[in-house]
Amino acid sequence: MLQLADIALYVIHLAITLYSLLGWLWSRGRRAHLIFLGAILACWFGLGLWKGIGYCPFTDWHWQVKVKLGASYADLPNSFIKHVWDAVLPWPITAPAADVLTFGAFFASIAVAIWLNFFKQTNPDPSR
């Protein structure tokens, strides 16, 4: 059962990550995407005041499952992105580089989402 939870948390966390970065592509869901990004910010910087900046509840839950499966907290990075990067790519990434990549990509997605939600002019006549 824990193995299934481990797999499910990978799938959910990767889906959250992809939606965070690319959810603005779906024009009808842009407002929901922006709200979703706000929830992530609340976790990273709200809960992060107590748990550490960048805190993600899904990473916390996933690591709890991994420890029950036999992993050591000492062997798990603070970042899910670092964990996936190191597992998938042949060259490891440092923890600070993973954090810069994560925050940079996230804030770029926020910038695009804000621009699309509040500043982009929509043209109701597609012939123009």
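When a residue number appears, it is its place in the shown sequence, counting from 1.
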Interatomic distance, [X] atom [atom1] to [Y] atom [atom2] [nearest 0.5 angstrom]:
X: I53; Y: C43; atom1: CD1; atom2: SG; answer: 12.0 Å
X: L41; Y: F107; atom1: CG; atom2: CZ; answer: 5.5 Å
X: I110; Y: N117; atom1: CD1; atom2: CG; answer: 12.0 Å
X: L34; Y: F36; atom1: CG; atom2: CZ; answer: 12.0 Å
X: L47; Y: C56; atom1: CG; atom2: SG; answer: 10.0 Å

Carefully, step by step, assess D99 and N78 under the rule side-chain contact (heavy atoms from CB on, under 4.5 Å).
CA-CA 9 Å; D99 291 344; N78 288 334; over 6 Å; no
Check the orientation of [X] and [Y]. Use parallel for under 30°, tilted for 30 to 60°, and perpendicular for over 60°.
X: H62; Y: H13; value: tilted
X: Y10; Y: F80; value: tilted
X: W85; Y: W91; value: perpendicular
X: H33; Y: Y19; value: perpendicular

Would you say [Y] ends up clustered with [X] if hydrophobic residues are merged whenever their side chains have heavy atoms under 4.5 Å apart, either directly or through other cluster members?
X: L18; Y: V84; result: no
X: F58; Y: W63; result: no
X: I12; Y: W61; result: yes
X: F118; Y: L37; result: yes
X: I81; Y: I40; result: no

Look only at the side chain of [X] and the backbone of [Y], and say whether a donor-acceptor pair between them is shorter than 3.5 Å.
X: S109; Y: A105; answer: no
X: K82; Y: I93; answer: yes
X: R30; Y: W24; answer: yes
X: D6; Y: L2; answer: no

Evaluate whether atom OH of Y73 has more than 12 neighbouring non-hydrogen atoms of other residues, nucleotides or ligands under 6.0 angstrom away.
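Check passes, neighbour count above 12.
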Between Y55 and W50, is the ring centre distance below 6.0 Å?
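No, the ring of Y55 stays outside the 6.0 Å limit from the ring of W50, centre to centre.
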